[in-house]
Amino acid sequence: MSIMDGLSEKGFPVGQTYFEMWCRLYDELFLTLNRPEEMAFYAGFTGQRAVRTWRDRVKRLAELGFIDLKSGPLGDMSYAVFFNPYHIIKRAYVRGDVAEDKYRALVIRANEIGAFDLDDIDDKGELIPPPVGEDDEEEKPAPKKRIRLKRPAKAA
């Protein structure tokens with residue numbers, strides 16, 4: 001989030017807004033923006049201009065490439081499509097828009113948690129396609145065994 005805030009204009013942090021929206025995501029990385037007042041509040045914006053400020057931050061996230069906004073029944077900001085933030089940050093780093101120390105810290109933390117998404121982007125900022133057939137041979141985890149506890153016999 002610190003890197004995201006650094007990519008945005010000074011005085012217009014976007015990290016909290018992104019995090020609040022990200023917490024609402026499931027596997028599909030698609031979010032309906034149907035509760036702007038609530039989303040603004042949880043992102044830390046209150047008062048008369050809360051929703052306006054939140055909308056501004058969401059638009060900035062789209063300009064930075066972290067999300068894409070789609071129109072729909074709620075207007076021009078009805079839906080948000082989320083992209084891999086590691087990819088967006090690595091491309092910004094390649095362009096020279098991310099400080100070396102912050103990027104290095106991100107790489108170390110990503111390795112600690114087993115996220116290797118930064119390796120998906122080459123040193124020119126291009127996506128590296130997976131080798132052909134690699135997705136077909138993924139090992140599926142073994143099903144979990146269920147342990148059933150026996151209930152004690154009832155006393156007569």
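Position 1 is the first residue of the sequence, and the numbers go up from there.
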With rounding to the nearest 0.5 angstrom, report the CD1 to CG distance, I88 to L7.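 One gets 10.0 Å once the value is rounded to the nearest 0.5 Å.
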Common cluster, V14/L29, ILVMFWY with side-chain heavy-atom separation under 4.5 Å: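 In one cluster with V14: L29, yes.
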Which other residues belong to the hydrophobic cluster containing F116, where Ile, Leu, Val, Met, Phe, Trp and Tyr are joined when side-chain heavy atoms lie under 4.5 Å apart, directly or via other members?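 Besides F116, the cluster holds no residue at all.
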Less than 4.5 Å apart, any side-chain heavy atom of [X] and any of [Y]?
{"X": "L61", "Y": "T17", "result": "yes"}
{"X": "D123", "Y": "V94", "result": "no"}
{"X": "I67", "Y": "V58", "result": "yes"}

Could you name each residue pair satisfying salt bridge (charged side-chain N to carboxylate O under 4.0 Å, His left out) that touches residues 5-17, not counting sequence neighbours?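 Residue pairs with at least one partner in residues 5-17: E9-R60.
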The criterion is side chain to side chain donor-acceptor pair (under 3.5 Å); which residues satisfy it with [X], sequence neighbours excluded?
{"X": "D119", "value": "none"}
{"X": "S2", "value": "K102"}
{"X": "R52", "value": "none"}

Residues two or more places apart in sequence or in another chain: which of them pass salt bridge (Lys or Arg N to Asp or Glu O under 4.0 Å) with E63?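 E63: no salt bridge (Lys or Arg N to Asp or Glu O under 4.0 Å) contacts found.
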With sequence neighbours excluded, residues passing salt bridge (Lys or Arg N to Asp or Glu O under 4.0 Å) with K59: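 By the salt bridge (Lys or Arg N to Asp or Glu O under 4.0 Å) rule, K59 matches no residue at all.
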Pairs where residues 26-59 contributes a residue and the test ring-ring contact (aromatic ring centres under 6.0 Å, His included) is met, not counting sequence neighbours: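 Non-adjacent pairs meeting ring-ring contact (aromatic ring centres under 6.0 Å, His included): F30-Y79.
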Is it true that atom CD of E28 has more than 12 heavy atoms of other residues, nucleotides or ligands lying nearer than 6.0 Å?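 Yes, CD of E28 has more than 12 neighbouring heavy atoms, counting only those of other groups under 6.0 Å.
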Just checking R24: does its CZ atom have more than 12 heavy atoms from other residues, nucleotides or ligands closer to it than 6.0 angstrom?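 More than 12 heavy atoms, drawn from other residues, nucleotides or ligands, come within 6.0 Å of this atom.
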Mind checking side chain to side chain contact (heavy atoms under 4.5 Å, CB included) for [X] and listing every partner two or more places apart, or none if nothing turns up?
{"X": "A115", "result": "Y86, A110, I113, D117"}
{"X": "Y93", "result": "V98, E100, Y103"}
{"X": "I108", "result": "R104, E112"}

Sequence neighbours excluded, which residues qualify as ring pair (Phe, Tyr, Trp, His ring centres under 6.0 Å) partners of F82?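 Here the qualifying residues are Y18.
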